[in-house]
Amino acid sequence: MAQILDGRLVAKELKARLRQRVEELRARGVAPTLVLVRVGEDPASGVYLRAKGKACKAVGIESRLVHFPEDVSGDTLRAEVRDLCREAAVHGVVVQLPLPAHIDEDEIIATLDPAKDVDGFHPHNLGLLCLGSPRFVPATPLGILRILDYYDIDLDGRPVVVVGRSRIVGRPLANLLSAKRTPGNATVTLCHSRTRNLGDVTRGAEILIVAAGQKGLISAEMVSPEAVVIDVGMHREPDPDRPGKERLCGDVDFAALADRVRAITPVPGGVGPMTVACLLENTVVAAESGPPGPRHQE
Ligand code: NAD
């Protein structure tokens with residue numbers, strides 16, 4: 001049976017340390033503050049934002065939800081986001097994606113002050129990450145690094161396969177894991193929807209990280225028995241044990257792999273809890289960094 005890499009446990013310990021750091025900040029008169037920007041009524045965004053707000057509260061971070069109507073113009077949203085970033089008492093601003101189709105997400109993200117972009121999606125922050133000196137690492141890749149570190153999974157020189165090249169997970173992760181630093185120094189292959197013979201590539205991985213958004217994409221014959229498997233995928237499916245209810249599952253056939261591989265993250269309880277915890281970590285880092293330097297100008 002594979003070792004279960006317990007993201008809930010790692011997140012719990014991380015949040016306990018963050019609570020301590022927040023107390024130290026408050027003792028210095030700094031109340032770490034995160035603004036969550038929502039546009040429209042996308043139900044999944046509502047769920048994620050509620051979870052983020054609740055997690056903030058649990059570690060003592062102030063959070064404020066700023067909700068715009070579905071038909072807000074891109075110009076208005078940009079102006080509002082810029083104003084929020086200018087508030088001295090605000091340390092982090094998160095714009096919940098996806099935005100409605102009439103708004104250019106890249107333009108909105110580029111409006112953020114990079115010093116308050118705790119999601120790490122601003123081109124400036126992604127550029128720093130690519131250069132090997134990240135400021136804010138996007139929360140999901142950071143959470144995966146923290147899980148690997150917690151369980152002492154050695155990356156140095158190892159063959160790592162990342163499936164999925166999204167800007168928020170696969171691409172930054174491949175960059176971080178291959179960087180000349182610790183954790184890093186891995187030999188990384190980045191797979192995507194055009195990769196041929198995916199199983200031939202994934203079987204060569206000592207560490208396999210799957211963020212493809214395809215339920216059950218990775219079957220038992222696609223992995224080495226020595227592999228450590230990190231499943232980022234998040235999907236809903238009917239729960240066979242609770243008729244009429246749903247449960248979460250990932251991009252990996254967990255039941256089949258759990259008997260076969262060296263270690264694996266479950267869904268739920270793997271990467272998901274770490275994503276939220278690492279957003280909190282970035283917010284605490286932003287608050288600890290003190291008043292930002294010269295502001296980013298558009
Ligand atoms: P995305 O949908 O933006 O991109 C998916 C990537 O996977 C693309 O680069 C695509 O080329 C690749 N891909 C798709 N099908 C493939 C296939 N058959 N073979 C190889 N590559 C394939 O993805 P995302 O935003 O990174 O999200 C991926 C998954 O992770 C989703 O299920 C999402 O819900 C989940 N997710 C979970 C968390 C978390 O906290 N647990 C955070 C972010 C995303």
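When a ligand or atom number is given, it counts from 1 through the structure's own listing order. Side chains included, hydrogens not; waters and symmetry mates left out as well; all remaining heavy atoms used. Numbers here simply count residues along the sequence, with the first being 1.
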Donor-acceptor under 3.5 Å (Arg38 side chain, Gln96 main chain): no
Tell me the nearest of Gln214, His192, Lys215 to atom 20 (C) of ligand 1, using heavy-atom distances. His192
Going by the order shown, which atoms of ligand 1 are within less than 4.0 Å of some heavy atom of Val169? 26 (O), 43 (C)
Note the single closest protein heavy atom to atom 32 (O) of ligand 1, along with its residue, its atom name and the distance in Å. Met234 N, 3.1 Å
Enumerate the atoms of ligand 1 whose separation from the nearest heavy atom of Arg165 is less than 4.0 angstrom. 6 (C), 8 (C), 9 (O), 11 (O)
Ignoring hydrogens, just give me the one of Ala139, Ser193, Pro138 whose non-hydrogen atom is nearest atom 13 (N) of ligand 1. Ser193
Going by heavy atoms, is Ala211 under 4.0 Å from ligand 1? yes
For atom 2 (O) of ligand 1, the protein heavy atom that lies nearest, with its residue and separation: Ala212 O, 4.6 Å
Salt-bridge contact Arg262-Glu206 (side-chain N to carboxylate O under 4.0 Å): no
Taking 4.0 Å as the limit for heavy-atom contacts, which would you say applies to Val232 with ligand 1: side chain only, backbone only, both, or neither? both
Crowded around Arg247 CZ? As in, over 12 foreign heavy atoms under 6.0 Å? yes
Identify the protein heavy atom lying closest to atom 23 (O) of ligand 1, giving its residue, its atom name and the separation to 0.1 Å. Ser166 CB, 3.8 Å
If we count only non-hydrogen protein atoms and require a distance under 4.0 Å, does atom 26 (O) of ligand 1 qualify as touching the protein? yes
Hey, are Lys116 and Asp113 close enough for a salt bridge, meaning a charged N less than 4.0 Å from a carboxylate O? no
Lys/Arg N to Asp/Glu carboxylate O, Glu62 vs Arg26, below 4.0 Å: yes
Where ligand 1 meets Gly272 - atom numbers and elements under 4.0 angstrom, heavy-atom basis: 40 (O), 41 (N)
Which ligand 1 atoms does Val163 reach within 4.0 Å, using its non-hydrogen atoms? 20 (C), 21 (N)
Does Arg260 reach the main-chain N or O of Met1 with its side chain, forming a donor-acceptor pair under 3.5 Å? no
Evaluate the side-chain proximity of Val137 to Pro172: yes if any heavy-atom separation is below 4.5 Å, no if none is. no
Pick from Cys278, Pro268, Gly164, Gly213: the one approaching atom 6 (C) of ligand 1 most closely through a non-hydrogen atom: Gly164
Looking just at side-chain N and O atoms, do Glu226 and Ser224 make a donor-acceptor pair shorter than 3.5 Å? no
Hey, is Ile168 one of the residues with a heavy atom under 4.0 angstrom from ligand 1? yes
Contacting atoms of ligand 1, where contact means under 4.0 angstrom from a heavy atom of Thr275: 39 (C), 40 (O)
Please confirm whether the backbone N or O of Ala286 pairs with a side-chain atom of His91, one donor and one acceptor, at under 3.5 Å? no
Is any NZ, NE, NH1 or NH2 atom of the basic residue among Arg167 and Asp106 found under 4.0 Å from an Asp or Glu carboxylate oxygen of the other? yes
Give the minimum heavy-atom separation between Ala277 and Leu14, together with the two atoms involved. CB-CD2, 3.8 Å
Between Leu217 and ligand 1, which part of the residue brings a heavy atom under 4.0 Å of the ligand: side chain, backbone, both or neither? side chain
closest protein heavy atom to atom 42 (C) of ligand 1 is Thr140 OG1, 3.2 Å
Please verify whether a non-hydrogen atom of His235 lies at under 4.0 Å from ligand 1. yes
